Visitor: 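Mind having a look at this structure? Questions to follow.
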Amino acid sequence: MNRLFIKSLCTSSAAAANLKPPPPDPAAISNLILSSPIQSPLPSNTPWTPHLVNSILKRLWNHGPKALHFFHLLDRRHRNYIHSPSSFNLAIDIAARLHLHTTVWSLIRRMRSLRIGPSPKTFAIVAERFASSGKPDKAVNLFLNMHEHGCSQDLASFNTILDVLCKSKRVEKAYELFKDLRGRFSADVVTYNVIVNGWCLIKRTPKALEVLKEMVERGISPNLTTYNTMLKGFFRSGQVRQGWEFFLEMKKRNCGVDVVTYTTAVHGLGVSGEVKRAKKVFDEMLREGVLPSVATYNALIQVMCKKDSVENAVLVFEEMLRKGYEPNVTTYNFTRGEEMMRRMEEEGGCEASFQTYNMMIRYYSECGEVEKALGLFERMGSGGCLPNLDTYNILISGMFVRKRSEDMVVAGKLLLQMVERGFVPRRFTFNRVLNGLL
DNA sequence: TTAGGGTTAG
């Protein structure tokens with residue numbers, strides 16, 4: 001707070017004296033880093049700020065080695081600049097994603113020596129990477145030992161590690177840890193909600209209901225989040241009837257159903273084919289005076305596209321615009337096609353995300369329009385979002401559609417490029433390209 | 001980054 005205040009004082013007085021240089025452009029700096037060889041020095045005279053550094057790290061997210069190199073250069077060569085905790089956390093996330101464990105730990109030690117961390121958030125980041133790369137035990141150990149790295153364990157960090165395990169589908173592991181330590185950390189409603197959600201994520205609603213019963217027995221009252229989680233769980237596991245009955249029960253018992261409840265019901269009913277009922281729930285929501293969100297409209301649009309007709313989806317889209325909602329990337333992604341992509345950028349002032357690109361690239365690849373797919377890929381490279389692992393996998397698969405030898409060569413180049421950018425191709429992808437080339 | 005709702009996904 002204080003630092004921000006001082007910073008704003010400095011900038012405003014500089015502006016008053018007309019000395020303020022144009023603000024550095026993260027996109028320009030990122031592109032410069034991307035296009036120059038790895039030993040190049042950073043542009044001099046740049047007024048580095050945590051905000052600028054963070055936005056560059058995010059732009060270089062899908063080019064991990066360059067991102068880390070940038071971080072290290074700034075850390076070592078610029079004596080007067082000290083990275084902020086949030087920049088450290090971003091760099092640690094990138095290093096952990098690339099499985100550079102030595103780098104992760106040296107960054108953590110560096111944070112500690114600068115007395116700016118590590119924080120519980122730092123450990124949550126690393127634990128998440130462990131859990132998502134099939135090492136849940138390492139994630140648990142990290143949590144159990146975090147106090148040795150100057151970071152205390154409390155209920156919040158306990159809930160976080162459980163959530164990390166659950167979100168990476170290691171629910172059994174989470175449940176074990178939960179049973180072992182719930183007494184020590186005095187598990188609260190958040191803890192139980194995390195576990196309920198975990199079982200729901202892997203479609204084991206009976207286990208989720210069991211935990212729900214258990215929390216009540218232990219004197220912890222479920223809240224609206226608990227019920228919304230359960231509701232989503234029923235739909236996710238295909239128990240549409242139970243979902244519907246649960247929804248009715250929630251209303252009957254005056255749980256204070258909210259926009260999340262309605263969005264879940266509209267989406268859940270719709271994707272399982274009950275479009276009429278989904279629309280009825282949506283109308284009922286309006287009657288009850290619960291304001292739909294962009295997510296609610298997106299849910300309805302998706303349902304219309306998939307189970308009704310694109311024309312009706314567009315009607316909902318137009319209605320959304322009429323009511324003053326601002327469609328976001330997700331909205332446009334449902335109504336696929338170049339036309340929509342143009343519209344989102346020109347009229348909507350809404351930048352395509354890598355999901356948008358990936359979807360379009362997949363579409364072109366599948367119908368053999370390899371040049372168009374490659375064109376979009378090029379556009380990505382020079383724009384705000386760099387291709388990610390999915391992009392490469394989709395595009396490389398696309399190179400096999402036409403069974404042409406020149407496509408194989410492109411596939412080979414893409415494979416090399418993805419490795420250079422810090423992605424690990426699946427064995428399948430690798431062998432396929434190799435076979436293709438041979 | 002202490003929990004729940006919209007991209008495509010089993």
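Any value given below was found using the heavy atoms of this structure, including those in side chains, with hydrogens, waters and symmetry copies removed. Just so it is clear, the structure is predicted and the values come from calculations on it, not from any experiment. Naming: A, B, ... by sequence-line order, numbering from 1 per chain.
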Visitor: Report the residue (A:Asn328 or A:Glu128) whose heavy-atom-nearest nucleotide on DNA chain B is the more 5′ of the two.
Guide: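 Closer to the 5' end of DNA chain B: A:Glu128.
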
Visitor: Quick one: classify the glycosidic conformation of B:dG6 as syn or anti, with syn meaning within 90° of 0.
Guide: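 What B:dG6 shows is a syn base, its glycosidic angle lying within 90° of 0.
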
Visitor: Test ring-ring contact (aromatic ring centres under 6.0 Å, His included) on A:Phe247 and A:Phe234 and set out the steps.
Guide: CA-CA 10 Å; A:Phe247 173 68; A:Phe234 283 125; over 10 Å; no

Visitor: Tell me which nucleotide among B:dT2, B:dG10, B:dG6 gets nearest to the side chain of A:Lys203.
Guide: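 The listed nucleotide nearest to A:Lys203's side chain is B:dG10.
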
Visitor: Find the distance A:Ile125:CD1 to B:dT2:P and express it as a whole number of Å.
Guide: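 In whole Å, B:dT2 P and A:Ile125 CD1 are 11 Å from each other.
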
Visitor: Give the nucleotide from the list B:dT1, B:dA3, B:dG5 with an atom nearest to the side chain of A:Ala295.
Guide: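 Nucleotide nearest to A:Ala295's side chain: B:dG5.
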
Visitor: CG of A:Asp163 versus P of B:dT2: gap in Å, rounded?
Guide: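 Taking atom P of B:dT2 as the reference, CG of A:Asp163 is at 10 Å.
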
Visitor: From the list B:dG6, B:dT2, B:dG5, which nucleotide is the closest neighbour of the side chain of A:Thr296?
Guide: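 Comparing B:dG6, B:dT2, B:dG5 against the side chain of A:Thr296, the answer is B:dG5.
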
Visitor: Please state whether the phosphate of B:dA3, meaning OP1 or OP2, lies under 4.0 angstrom from any side-chain nitrogen or oxygen of A:Lys232.
Guide: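 Answer is no, no contact under 4.0 Å.
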
Visitor: Name the closest nucleotide to the A:Asn223 side chain, picking from B:dG6, B:dT1, B:dA3.
Guide: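 Nearest nucleotide to the side chain: B:dA3.
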
Visitor: Atom CD1 of A:Ile195 to atom C1' of B:dA3: distance rounded to whole Å?
Guide: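 The distance from CD1 of A:Ile195 to C1' of B:dA3 comes to 11 Å, rounded to the nearest Å.
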
Visitor: By the 4.0 Å heavy-atom rule, please label A:Leu300 as base, sugar-phosphate, or nothing.
Guide: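 Answer is nothing: A:Leu300 stays at 4.0 Å or more from every strand.
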
Visitor: Looking at A:Lys306, does any N or O in its side chain come under 4.0 Å of the phosphate oxygens OP1/OP2 on B:dA9?
Guide: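 Answer yes for this pair, as a side-chain N or O of A:Lys306 is under 4.0 Å from OP1 or OP2.
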
Visitor: Looking at A:Glu172 and A:Arg204, is there a salt bridge between them, counting it only when a charged N and a carboxylate O are closer than 4.0 Å?
Guide: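 Yes, charged N to carboxylate O under 4.0 Å.
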
Visitor: When the distance from NZ of A:Lys307 to P of B:dT8 is rounded to whole Å, what number comes out?
Guide: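 Result: 13 Å.
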
Visitor: Students often get this wrong, so: under 4.0 angstrom with heavy atoms, is A:Ala156 touching a base, only sugar-phosphate, or nothing?
Guide: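 Sugar-phosphate: the residue A:Ala156, judged by heavy atoms under 4.0 Å, touches backbone atoms but no base.
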
Visitor: Without decimals, in angstroms, what is the distance between A:Leu155 CG and B:dA3 C1'?
Guide: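 Value for this atom pair: 12 Å.
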
Visitor: Could you tell me whether A:Asp163 and A:Lys167 make a salt bridge, using a distance below 4.0 angstrom between a side-chain N and a carboxylate O?
Guide: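 Yes, charged N to carboxylate O under 4.0 Å.
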
Visitor: Does this structure show an ion pair linking A:Lys213 with A:Glu210, if we count only N-O contacts that are shorter than 4.0 Å?
Guide: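 Answer for the salt bridge query: no.
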
Visitor: Nearest whole angstrom, please: distance from the P of B:dG5 to the CG of A:Leu291.
Guide: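 That distance rounds to 19 Å.
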
Visitor: Hey, what's the ring geometry for A:His78 with A:Trp48, parallel, tilted or perpendicular (30° and 60° as the breaks)?
Guide: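 Aromatic pair A:His78/A:Trp48 classed perpendicular.
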
Visitor: Is the shortest side-chain N to carboxylate O distance from A:Glu318 to A:Arg322 below 4.0 Å?
Guide: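 No, no charged N to carboxylate O under 4.0 Å.
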
Visitor: I want to verify a distance call: between B:dT1, B:dT8, B:dG6, whose nearest atom is closest to the A:Arg362 side chain?
Guide: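 For the A:Arg362 side chain, the nearest candidate turns out to be B:dT8.
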
Visitor: In whole angstroms, how far is the P atom of B:dT1 from the CZ atom of A:Arg129?
Guide: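 A:Arg129 atom CZ is separated from B:dT1 atom P by 15 Å.
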
Visitor: Can we say A:Glu371 and A:Arg402 salt-bridge, meaning some charged N sits less than 4.0 Å from an Asp/Glu carboxylate O?
Guide: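 Answer for the salt bridge query: yes.
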
Visitor: Got a sec? Which of residues 256-277 of chain A come in under 4.0 Å of DNA chain B, heavy atoms?
Guide: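 Residues of residues 256-277 of chain A that come under 4.0 Å of DNA chain B are, in numerical order, A:Asp258, A:Val259, A:Val260, A:Thr263, A:Thr264, A:His267.
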
Visitor: Just how far, in rounded Å, is C1' of B:dA9 from CG of A:Asn358?
Guide: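 One finds 14 Å between C1' of B:dA9 and CG of A:Asn358, rounded.
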
